Amino acid sequence: KPSYPMKTALIADSLMTAFRAGDKLKMNKYLAMLCETRPINEAQNRNTAKSLASRGAFQEAKALILVNVEHGSPNVEDDLILALTLYRGQNPWEAIEPLKRADARKPDQPEVLNGFAHAYFQMWTADVADEATRDKAIFYLTTLRRLKLVDAEHLWMLHSIYLTTEDSVERKSVLDELLLQNPKDPLADHLSEALRPQSERQRCSPEYVRTLFDQASDTFDRELLDKLDYRVPRRIAECLEQTQPRGKCFKRALDLGCGT
């Protein structure tokens, strides 16, 4: 008969195996078993929740780490994992409370500052008119920058904010730091060039154009159809159906591919 720690480890392994196999039914079964096991194995729950979150299973990770938060001993790492599952799972509003608890227990920890930065930035992107949230995102991002704890992701987040505030001085500073980290970054290089006087600007580099279109390719159709509600081809087809005799069509058609 397996010991208690071994039993929970076996359940956790079965959960991850089901996840990798895409077996949702078994995954939910083993997740429920872990969540209902008493006494709880906090370390096992913590490790399994981190594994799930790293693979994008944020809802499952949240359900498991909540067992620790609600029934285990207070732990900064549990609150940080919970916050991560929330803001990475596109629910940054609920991430603030566990981040505040973690900050109260261990103030100014880099992981906590990073969590606040991501959460407030996501909240701001959902409502760019919210200046209070924007200012909080700037505060935590600039704090990380002052402590030399920023990577390219943090800097691009800052650049996105400064782009809306039209603060060209801060934008230039952020872009310069991005180019220090990666001198061959075509996007940072182009945007930095665009801040120069128009008479001094160079033409767009092929690397920038390639990067720009590569970044847009994955979301292009969704942005065009869902967000911009682009319906011109459909409306043209509807007009033709209403005005042309049934069964008739044009012998030739010219597509003026000038959308950009």
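If you read the sequence from its start, that first residue is 1, and numbering goes on from there. Keep in mind that the numbers below use all heavy atoms, side chains included, and drop hydrogens, waters and symmetry copies. The shown structure was predicted, so the numbers you read here are calculated from the model rather than taken from an experiment.
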> Roughly how far, to the nearest 0.5 Å, is CG of Leu158 from OH of Tyr162?
5.0 Å

> Say whether, by atom type as modelled, one donor and one acceptor occur between the side chain of Gln44 and the main chain of Ala12 under 3.5 angstrom.
no

> Please check this pair: side chain of Asn114 against backbone of Ala117, looking for a donor-acceptor N/O pair closer than 3.5 Å.
no

> Less than 4.0 Å between a side-chain N and a carboxylate O, is that true for Asp229 and Lys227?
no

> Can you check whether Leu31 reaches Leu64 side chain to side chain, under 4.5 Å on heavy atoms?
yes

> Atom CD of residue position Gln181 - does it have more than 12 heavy atoms of other residues, nucleotides or ligands inside 6.0 Å?
yes

> With a 6.0 Å cut-off (strictly less than), is the heavy-atom count around CD of Glu166, excluding the residue itself, greater than 12?
no

> Measure the shortest side-chain to side-chain distance between Leu34 and Tyr30 over non-hydrogen atoms and say whether it is less than 4.5 angstrom.
no

> Supply the atom-to-atom distance Thr142 OG1 to Leu113 CG, rounded to the nearest 0.5 angstrom.
10.5 Å

> Might you confirm whether atom NZ of Lys50 has over 12 heavy atoms from other residues, nucleotides or ligands at distances under 6.0 Å?
yes

> Between Lys29 and Lys24, is there a side-chain heavy-atom distance shorter than 4.5 Å?
no

> Does Arg134 pair with Asp130 as a salt bridge, N-O distance under 4.0 Å?
no

> State which residue, out of Val69, Asn68, Asn47, Ile65, fulfils the side chain to side chain contact (heavy atoms under 4.5 Å, CB included) condition with Glu42.
Asn68

> Mind checking whether Val67 and Arg38 have side chains closer than 4.5 Å, heavy atoms only?
yes

> Quick one, Ile11 and Leu15 - any side-chain contact, counting heavy atoms below 4.5 Å?
no

> Indicate yes or no: at least one non-hydrogen side-chain atom of Met27 is less than 4.5 angstrom from one of Met16.
no

> What donor-acceptor contacts under 3.5 angstrom involve side-chain atoms of residues 98-108, with partners at least two apart or in another chain?
{"residue": "Arg101", "atom": "NE", "partner": "Asp79", "partner atom": "OD1", "Å": "3.1"}
{"residue": "Arg101", "atom": "NH2", "partner": "Asp79", "partner atom": "OD1", "Å": "2.7"}
{"residue": "Asp103", "atom": "OD1", "partner": "Asp108", "partner atom": "N", "Å": "3.1"}
{"residue": "Arg105", "atom": "NH1", "partner": "Asp79", "partner atom": "OD2", "Å": "2.4"}

> So do the side chains of Val150 and Leu141 get within less than 4.5 Å of each other, counting heavy atoms only?
no

> Check this for me, if you would: do Glu131 and Lys136 make a salt bridge, where the nitrogen-to-carboxylate-oxygen distance has to be below 4.0 angstrom?
no

> Are the side chains of Glu223 and Leu228 in touch, meaning some heavy atoms are under 4.5 Å apart?
no

> Taking everything shown except Arg20 itself, do over 12 heavy atoms lie less than 6.0 Å from its CZ?
yes

> Is the backbone of Tyr208 close enough, under 3.5 Å, to the side chain of Ser205 for a donor and an acceptor to pair up by distance?
yes

> Should the pair Trp156 and His159 be assigned to parallel (<30°), tilted (30 to 60°) or perpendicular (>60°) ring geometry?
perpendicular

> For Gly115, does its backbone N or O pair with a side-chain atom of His118 as donor and acceptor, under 3.5 Å?
no

